[in-house]
Amino acid sequence: MALDSNMVIPAHVALILDGNGRWAKKRGLPRTFGHKEGCVTVEKTVEIAARMGIKYLTVYGFSTENWKRSEEEVGALMQLFRYYMVLLLKIASANNVRVKMIGDRRRFAQDIIDGINRLEEETKDNTGLTFVIAVNYGGRDEIRRAAAKLAEDVKAGKEDITESVFASYLDTADIPDPDLLIRTSGELRLSNYLLWQLAYTELYVTDCLWPDFDEKELEKAIFQYNKRDRRFGGVK
Ligand code: IPE
Ligand code: IPE
Ligand code: MG
């Protein structure tokens with residue numbers, strides 16, 4: 001099934017890329033092999049999304065809760081992150097992709113922070129897909145940080161706190177809300193992802209494990225998205 005020209009391509013697709021560990025376990029491999037394969041799938045998905053004309057792709061790379069995992073697994077994820085940031089710079093440049101990270105980067109090692117800053121700086125003028133990576137990201141933590149910043153401005157005299165004013169304090173300030181959320185591996189939960197931004201997003205869950213996700217799976221999700229009737233609380 002290929003997408004026909006009548007299909008509406010969602011402007012912003014958010015992804016919870018889950019199932020790397022299960023993918024590896026099924027093959028009798030350590031969990032970190034699943035993460036490695038999952039990174040390859042991220043690379044491919046960025047290229048596919050850019051080609052399809054998706055404007056924003058946001059992926060959940062590492063949550064504020066993922067620090068609970070073993071030191072070995074967290075260490076392996078950090079190493080992969082280091083390696084893929086270098087590769088991503090090449091992919092982003094080749095595909096006119098702008099990269100942006102959301103989440104609290106201050107908890108990472110300095111070389112990772114430098115890498116993130118460099119990726120954002122060197123791709124900031126690219127005009128194609130905006131690729132957003134959520135790292136050390138938690139929806140509650142993002143809202144807490146936004147509220148703390150806003151409280152300071154209120155003390156200094158800021159008034160009239162509308163929803164759009166509050167949203168401008170979030171990490172996603174310049175990014176429209178996701179139209180479609182895809183979660184792989186079958187779990188029916190948000191796991192602290194984009195809690196504010198997903199208010200009216202269409203949800204799609206597939207049993208496909210993240211390393212097996214491909215263009216066909218993305219097309220299936222977009223096909224389902226096209227069948228949805230988005231009412232935003234109104235009546236049609
Ligand atoms: C998602 O895969 C990647 C991260 C959370 C970093 P998991 O590692 O959660 O894989 P499962 O859910 O254990 O299979
Ligand atoms: C969500 O997956 C976080 C990322 C994909 C980075 P988890 O595997 O951490 O979520 P839970 O533990 O199943 O809720
Ligand atoms: Mg998981």
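Counting starts at 1 for both ligands and their atoms, following the listed order. Side-chain atoms are counted along with the backbone in the values below, which use heavy atoms only and exclude waters and symmetry mates.
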Number the atoms of ligand 2 from 1 as they appear, then name those within less than 4.0 Å of a heavy atom of Gly61, with their elements. 6 (C)
How about Val205 and Glu187: do any of their side-chain heavy atoms sit closer than 4.5 Å? no
Answer yes when Asp179 and Arg230 have at least one side-chain N-carboxylate O distance shorter than 4.0 Å, and no when they do not. yes
Taking only Lys NZ, Arg NE, NH1 and NH2, and the carboxylate oxygens of Asp or Glu, determine whether Asp153 and Lys155 approach each other closer than 4.0 Å. no
Side chain, backbone, both or neither: which part of Asn66 has a heavy atom under 4.0 Å from ligand 2? side chain
Is any N or O atom of Trp23, backbone or side chain, closer than 3.5 Å to an N or O atom of ligand 1? no
Are the charged groups of Arg82 and Asp111 less than 4.0 angstrom apart, N to O? yes
Short list, please: which atoms of ligand 2 are under 4.0 Å from a heavy atom of Arg69? 7 (P), 8 (O), 9 (O)
Could you tell me the residue and atom name of the protein heavy atom closest to atom 6 (C) of ligand 2, and the distance to it rounded to 0.1 Å? Tyr60 O, 3.3 Å
Glu65 and ligand 1 - part of the residue with a heavy-atom distance under 4.0 Å: neither
Atom 14 (O) of ligand 2 has as its nearest protein heavy atom Ser191 OG, 2.6 Å
Any idea which atoms of ligand 2 are less than 4.0 Å away from a heavy-atom of Leu17? 5 (C)
Could you identify the single nearest non-hydrogen protein atom to atom 10 (O) of ligand 1 and state the distance to 0.1 Å? Gly21 N, 2.9 Å
Are any of the heavy atoms in Arg31 under 4.0 Å away from ligand 1? yes
Any salt bridge between Glu215 and Lys44, counting N to O under 4.0 Å? no
For Thr127 and Asn96, run side-chain hydrogen bond (donor to acceptor under 3.5 Å, both in side chains): C-alpha distance rounded to whole Å, both residues' side-chain angles, the deciding distance at 0.1 Å, then the answer. CA-CA 6 Å; Thr127 54; Asn96 193 22; 2.9 Å; yes
Distance to the ring centre below 6.0 angstrom and angle to the axis at most 45 degrees; does that hold for Arg22 and Trp210? no
Of all the atoms in ligand 2, which lie at a distance below 4.0 Å from a heavy atom belonging to Phe62? 6 (C)
Which of the atoms in ligand 2, numbered in the order shown and given with their element, are less than 4.0 Å from a heavy-atom of Arg189? 11 (P), 13 (O), 14 (O)
Does a salt bridge link Asp141 with Arg145, judged by any charged N lying under 4.0 Å from a carboxylate O? yes
Check Arg183 against ligand 2 and report side chain, backbone, both or neither, counting heavy atoms closer than 4.0 Å. side chain
Flag side-chain contact, heavy atom, 4.5 Å: Leu170 against Gln197: yes
Could you tell me whether ligand 1 has any atom less than 4.0 Å away from a heavy atom of Ser185? no
Check whether any N, O or S atom of Asp18 sits under 2.8 Å from the Mg ion (ligand 3). yes
Of Glu122, Glu121, Glu120, the one forming a side chain to side chain donor-acceptor pair (under 3.5 Å) with Lys124 is Glu121
Consider ligand 1: state whether an atom of it lies below 4.0 angstrom from any non-hydrogen atom of Gly38. no
Checking a contact table here: which protein heavy atom is nearest atom 3 (C) of ligand 1, and how many Å away? Asn20 ND2, 3.5 Å
Any salt bridge linking Arg106 with Asp104? Criterion: basic side-chain nitrogen under 4.0 Å from a carboxylate oxygen. yes
Given Val135, Ile16, Asp18, which one has a non-hydrogen atom that is nearest to atom 9 (O) of ligand 1? Asp18
When you measure from the centre of the six-membered ring of Trp67, is the NZ or CZ of Arg69 under 6.0 Å away and within 45° of the axis? no
Heavy-atom distance from atom 12 (O) of ligand 2 to the protein below 4.0 Å? no
Region of Glu187 engaging ligand 1 - heavy atom pairs below 4.0 Å: neither
At under 4.0 Å between heavy atoms, what of Arg22 touches ligand 2? The answer is neither
Could you check whether atom CZ of Phe33 has more than 12 heavy atoms from other residues, nucleotides or ligands sitting under 6.0 Å from it? no
